Structure formats: structure tokens, C-alpha cells
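In this text, all values refer to a predicted model and were calculated from it rather than measured experimentally.
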Amino acid sequence: MSLHRVNPAELSPPTGFSHAVTATGSRLVFLAGQTALDADGKVVGETLPEQFRTALTNLLAALAAAGGTPADLARVTVYATDVAEYRAQAHELGRIWRRLAGRDYPAMAVIGVVRLWDEQAMVELDGFAMLE
């Protein structure tokens, strides 16, 4: 199995994501959207960074349960209820990502949404990974 991150010189240098990821392997894992839900199904965290940390932890827990690691992530989509706040917190969110998932960035997108399934949720992450 291998993931190859592709960042063409003619595109703006990526920060916290890869422009493209090619994947070869034998098992594709689709990861459902994860918010800042605790084990009791309650949204936790009053700030975007707190909720992002929990949502990413939940996404990585689902990935680990399927046999994967953060380096296996090929694609992650972030849904944010306040893109301006997401951009304002980008430095802190990047620190959280690196602490939990490392520096092998998947292809990523941040999409603004009016609201998420749980009304208190500020951010949701989903994605897919390629495993051997």
C-alpha cells in the first residue's frame, strides 16, 4: 500500500493539505462524518479548536478501529459552520492536526455549511483512507 502526495509547483504551495493524493492498496475505508460528540452522544467543547480536537480524535478512532493510521488518510473534508472563524483559528487547528495526525496531509477541503446534524456542533470531519 502506498499514498503519494502530489503538490505541483505551478499551484500555490499547500499549507496543511496536499493538492492531490494517489493511492494504491487493497482496502478502502470510508469514514463517516465525526463531530465533537463524546461517548454519551453529547457535543463537547465551547470553542472551535476544542470541537475540532474532539472531532478529529473521533475520526482517527474510527480509522484505527478499521486498522488504519493517520498516514493512511487519502482525503478529509471539513464542514464548518463559520468559515471566517475557521480561518481565524487555522494556526491552532493546524497545531491540533499535527499533534494528533502528523504531517502527512491528505487532500482536504473546508466547506461552509449553515448547520450540522447536532445544532451545537461547529465542525464535522469525514474522509477516506487506503489500507493494505
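- Here R75 contributes atom CZ and S18 contributes atom OG; the two are 11.5 Å apart, rounded to the nearest 0.5 Å.
- Between M130 and T24, the shortest heavy-atom contact is CG-O, 3.7 Å.
- Across all their heavy atoms, P106 and V76 have their closest contact at CG-CG2, 3.8 Å.
- One hydrophobic cluster holds both V110 and L59 under the rule that ILVMFWY side chains link at heavy-atom gaps under 4.5 Å.
- Between the side chain of Q51 and the backbone N or O of G45, at least one donor-acceptor pair lies under 3.5 Å.
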Donor-acceptor pairs are to be reported for all side-chain atoms of residues 114-128 against protein atoms at under 3.5 Å, with residues two or more places apart or in another chain.
residue : atom : partner : partner atom : Å
R115    : NH2  : W117    : O            : 2.7
D126    : OD2  : Y79     : OH           : 3.4

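- D38 places no side-chain N or O within donor-acceptor distance of the main-chain N or O of V43, the cut-off being under 3.5 Å.
- For A101 against P70, the heavy-atom pair with the smallest separation is O-CB, 3.3 Å.
- A donor-acceptor distance shorter than 3.5 angstrom exists from the side chain of R98 to the backbone of G94, with no hydrogens or angles considered.
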Show me the donor-acceptor pairs, under 3.5 Å and distance only, between side chains in residues 3-16 and residues at least two apart or in other chains.
residue : atom : partner : partner atom : Å
R5      : NE   : Y105    : O            : 3.0
R5      : NH2  : A71     : O            : 3.4
R5      : NH2  : D104    : O            : 3.3
N7      : OD1  : H19     : N            : 2.8

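- Cluster membership for L100 and F17, using ILVMFWY side-chain heavy atoms within less than 4.5 angstrom, is shared.
- The cluster map of Ile, Leu, Val, Met, Phe, Trp and Tyr, joined by side-chain heavy atoms under 4.5 Å apart, puts V113 and L31 in different clusters.
- Between V29 and A66 the shortest heavy-atom distance is CG1-CB, 3.9 Å.
- Within the 4.5 Å cutoff, the side chain of L60 has heavy atoms near those of the L73 side chain.
- Considering CG of L131 and CZ of R27, their distance stands at 4.5 Å, rounded to 0.5 Å.
- Across all their heavy atoms, L63 and A129 have their closest contact at CD1-CB, 3.6 Å.
- A donor-acceptor pair under 3.5 Å is absent between the side-chain atoms of D40 and the main chain of K42, judged by distance alone.
- L37 and L56 fall into different hydrophobic clusters, where Ile, Leu, Val, Met, Phe, Trp and Tyr side chains are chained together by heavy-atom contacts under 4.5 Å.
- Using a 4.0 Å cut-off between charged nitrogen and carboxylate oxygen, E92 and R95 count as a salt-bridge pair.
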| task | Verify side-chain contact (heavy atoms from CB on, under 4.5 Å) between M108 and W97, making sure each step is shown before the conclusion. | result | CA-CA 12 Å; M108 294 182 75; W97 179 278; 4.1 Å; yes
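- Checking side-chain atoms of T47 against main-chain N and O of E50 turns up a donor-acceptor pair under 3.5 Å.
- Counting heavy atoms from C-beta on, the side chains of L48 and L93 come closer than 4.5 Å.
- Q89 places no side-chain N or O within 3.5 Å of a backbone atom of E85 that could act as its donor or acceptor partner.
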